[in-house]
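Notes follow the structure.
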Amino acid sequence: MRVLERLPYPGLRELAVLFGGLLVFAVSGPVATPLDNIVRDAMMVSISPFSNPPQNIVIVSISENTLSRFPYRSPIDRAFLAEIIKKIDNASPRAIGLDLLFDQPTEPEKDLGLEVAIEAARNPIVLATASQMEGLTERQVAYLNEFAPQAIRGLAVLSHDRIDGVVRRTFLGRADANGWMPSFAAAIALKDETEVLPIGTEQVYYRNGQATLYQFPVYPAETIPMVPDEWFNDKYVLIGAILPHEDLHPTPFANFGDAGEGALPGVAIHAHSLASILAHDAVVTPAWPVRTVPYVVLTLLCLWISWAPLPVLLKPACVAAAVAMIFVIAAIAFSQFGVLLPVVSPILTIVVLSSLVSIFAWRRDSRDREFVHEAFSRYVSPAIVSEIVKNPTKLKLGGERRHITSIFTDVEGFTSSSESTSPENLAAMLNEYLEQVCELFVVHGATIDKVVGDAVIGFFGAPAEQNDQAERALHLTLAICRLSARISRAKAEGGWSFGRTRIGVHSGPAIVGNFGGSRFFNYSAIGDTVNIASRLESANKYFQTTNCVSRAVMENTTGFLFRPIGHIQLRGKRRPIDAFEVAGRDEFHQNMFAEYESAFNLLISNAPDAQNAFATISEKYPLDGLIAFYKSRLQDGNMSTDIYLGR
């Protein structure tokens with residue numbers, strides 16, 4: 001049978017999963033992005049592979065000590081700047097970058113002197129520039145463009161995160177009316193025809209081995225006249241302001257460590273950008289299929305695990321393992337290859353959707369457990385029902401091949417007794433008998449297949465596996481034989497006739513499942529094993545035995561007392577089987593079975609004394625039907641233990 005998985009409302013499970021997906025998308029921006037930033041910052045600070053920047057970048061700082069030398073702070077004295085540029089240019093640097101905006105005039109003579117120094121320099125000089133997009137007026141932009149027009153220009157723009165203002169992305173330039181305008185760092189790097197990375201690359205920050213921010217060499221501007229030329233030879237020299245509380249920009253290091261050290265002046269951030277361009281160091285963000293497909297597969301796996309009928313604690317453990325795997329893969333990819341993979345979004349998706357699916361799986365399993373318990377409690381041992389409810393995977397409803405031990409019982413002469421007994425008395429006797437027999441089936445762990453009239457049919461080995469099913473079947477057989485004997489004696493004392501119970505037992509493969517459709521629960525077994533057990537039960541009438549057990553059952557048990565019945569060709573079967581009768585190990589049966597087996601062995605060996613042996617034990621045990629059967633058979637001259645039934 002197939003357990004029905006019904007929800008209180010059609011499509012509720014699908015709607016819930018859809019809602020979960022929409023929820024993930026809804027929160028992925030405001031929730032996942034800040035958390036992803038935190039994870040990215042933590043990795044940049046602690047495990048990034050960027051710890052060896054080029055050693056040919058230096059910074060000339062304009063500090064408070066520098067400004068204190070002049071009568072006004074801003075704009076900085078341009079005659080002073082001209083002298084610095086001449087000094088550095090004479091040292092043959094690779095390039096000079098001025099991270100200062102010349103967007104307004106000062107003293108004409110000093111302005112002209114600075115322009116001449118810039119345009120007369122033997123080495124490349126890059127001027128920082130900006131536009132109205134950065135808040136400059138049209139007049140300021142015009143002056144910027146007219147100042148030292150022959151100089152190279154680069155946009156001194158930084159990409160601040162809209163959420164927390166941290167500079168996490170590298171600005172490499174943008175297109176304007178005059179074409180492509182590179183960034184300040186890119187313009188400096190292009191002087192050596194260095195390959196500039198694509199736009200949108202994540203900002204690289206170099207770190208020391210102690211997970212602290214790398215500091216490029218800084219020389220105060222006022223000391224430049226006294227600095228040896230060797231300090232600037234073949235170097236990239238960036239000139240910019242390093243002032244407290246001015247032009248400071250938060251970096252990932254500001255979130256993890258000393259906030260004062262993690263906030264950098266613009267010129268220092270340009271130095272990190274320039275270094276990454278020169279070293280071709282980049283934080284790589286894979287294309288969306290590469291960074292999405294593996295997480296989709298992992299999410300589907302987690303959803304399958306959440307929906308599967310697995311132990312309750314295993315599901316969150318698997319989801320936790322998937323979350324840990326995402327962290328580990330992201331950490332390895334970033335620390336070894338500089339590849340930035342999403343972390344929070346896939347984790348959020350997995351956790352939210354897996355939680356929803358787990359809730360519905362729990363509801364489904366709860367209904368299934370209630371259904372299984374209610375259905376099977378009528379048919380099998382409560383211990384087996386508890387085992388199935390605890391672990392539903394042991395129950396495959398709908399039909400499956402299983403190894404079982406089938407048992408058939410029937411009351412001898414019940415049809416004849418019913419003809420001479422009132423319906424009321426017959427019903428009372430039958431109910432009393434069936435209640436006790438069915439109770440024995442349940443106590444011994446058997447599954448009751450069906451009850452037909454006075455016959456009770458069942459099997460061992462399904463729905464729960466039972467490695468000792470053959471022994472259970474024989475213990476049940478002996479218990480029914482004892483019960484039958486007690487009931488027969490009790491009814492005889494009351495003047496009623498109630499025959500012995502005849503039993504057939506056989507082990508083998510069968511198809512077990514629900515064969516009554518989805519509307520009628522009929523958990524049953526079908527196949528040749530069941531048919532043989534039925535034929536063995538019928539054979540008892542022929543041999544006058546109480547039970548008939550196949551060799552397949554006998555060979556899988558120990559400690560039971562058997563005697564051979566013969567090599568039986570059952571009705572409708574092509575191959576004969578060896579049949580045996582089982583009995584309790586009391587003194588009477590041990591003695592009788594021993595004497596019977598001695599006579600039976602003489603019969604097998606065609607010994608002349610076989611007939612006398614059976615005649616002798618027949619006098620000793622006149623009520624035993626099997627001994628009487630062979631005595632009569634030998635008197636007719638049949639010396640074979642091969643017996644053909646139904647022919």
Side-chain angles (χ1 to χ4, degrees), residues 405-408 412 470-471 473-478 480-481 500-508 529 532-571 573-647:
T405 299
S406 181
I407 180 168
F408 272 69
E412 179 183 38
E471 292 189 356
L474 292 187
H475 282 301
L476 174 60
T477 298
L478 294 177
I480 294 175
C481 289
R500 299 180 303 171
T501 300
R502 299 183 302 216
I503 305 166
V505 188
H506 181 56
S507 290
T529 297
I532 291 176
S534 175
R535 299 288 191 274
L536 289 174
E537 184 276 316
S538 299
N540 287 296
K541 182 177 181 181
Y542 188 75
F543 298 114
Q544 291 300 302
T545 51
T546 57
N547 63 80
C548 199
V549 178
S550 69
R551 178 178 291 277
V553 177
M554 183 199 73
E555 290 181 343
N556 283 286
T557 60
T558 57
F560 291 92
L561 183 65
F562 294 97
R563 66 171 171 176
I565 294 176
H567 200 56
I568 304 175
Q569 179 72 52
L570 295 172
R571 179 171 55 86
K573 301 299 175 184
R574 296 181 180 180
R575 297 180 181 180
I577 66 170
D578 291 326
F580 302 83
E581 185 179 27
V582 65
R585 301 188 68 87
D586 56 88
E587 183 178 357
F588 172 80
H589 282 101
Q590 290 189 54
N591 293 334
M592 184 181 72
F593 276 29
E595 295 177 42
Y596 169 86
E597 191 164 358
S598 296
F600 191 82
N601 289 334
L602 292 174
L603 177 59
I604 292 176
S605 60
N606 292 318
D609 294 339
Q611 184 173 350
N612 292 333
F614 272 100
T616 300
I617 62 174
S618 175
E619 294 177 359
K620 188 173 182 180
Y621 305 104
L623 299 180
D624 186 77
L626 187 57
I627 293 176
F629 169 80
Y630 273 110
K631 174 185 176 183
S632 175
R633 186 176 175 84
L634 287 169
Q635 288 175 348
D636 292 339
N638 193 332
M639 297 286 292
S640 174
T641 59
D642 294 334
I643 304 168
Y644 299 87
L645 300 181
R647 292 191 178 183

Could you tell me whether E581 and R563 make a salt bridge, using a distance below 4.0 angstrom between a side-chain N and a carboxylate O? yes
Worked check of side chain to side chain contact (heavy atoms under 4.5 Å, CB included) between E471 and T558: CA-CA 8 Å; E471 292 189 356; T558 57; 3.5 Å; yes
How close do [X] and [Y] get, counting heavy atoms only, and between which atoms?
X    : Y    : result
M554 : V549 : N-CG1, 4.3 Å
A583 : F593 : CB-CZ, 3.5 Å
R633 : S640 : NE-O, 3.0 Å
L602 : S605 : O-OG, 3.1 Å
Q569 : P576 : OE1-CD, 3.4 Å
L645 : A539 : CD1-CB, 3.6 Å

Chi angles and distances behind the ring pair (Phe, Tyr, Trp, His ring centres under 6.0 Å) call for F588, Y621: CA-CA 10 Å; F588 172 80; Y621 305 104; 5.7 Å; yes
Let me confirm one number: the [atom1]-[atom2] distance from [X] to [Y], rounded to the nearest 0.5 Å.
X    : Y    : atom1 : atom2 : value
L570 : R535 : CG    : CZ    : 7.5 Å
N547 : I480 : CG    : CD1   : 10.0 Å
I407 : L536 : CD1   : CG    : 11.5 Å

What orientation do F560 and F562 show, parallel under 30°, tilted 30 to 60°, or perpendicular over 60°? tilted
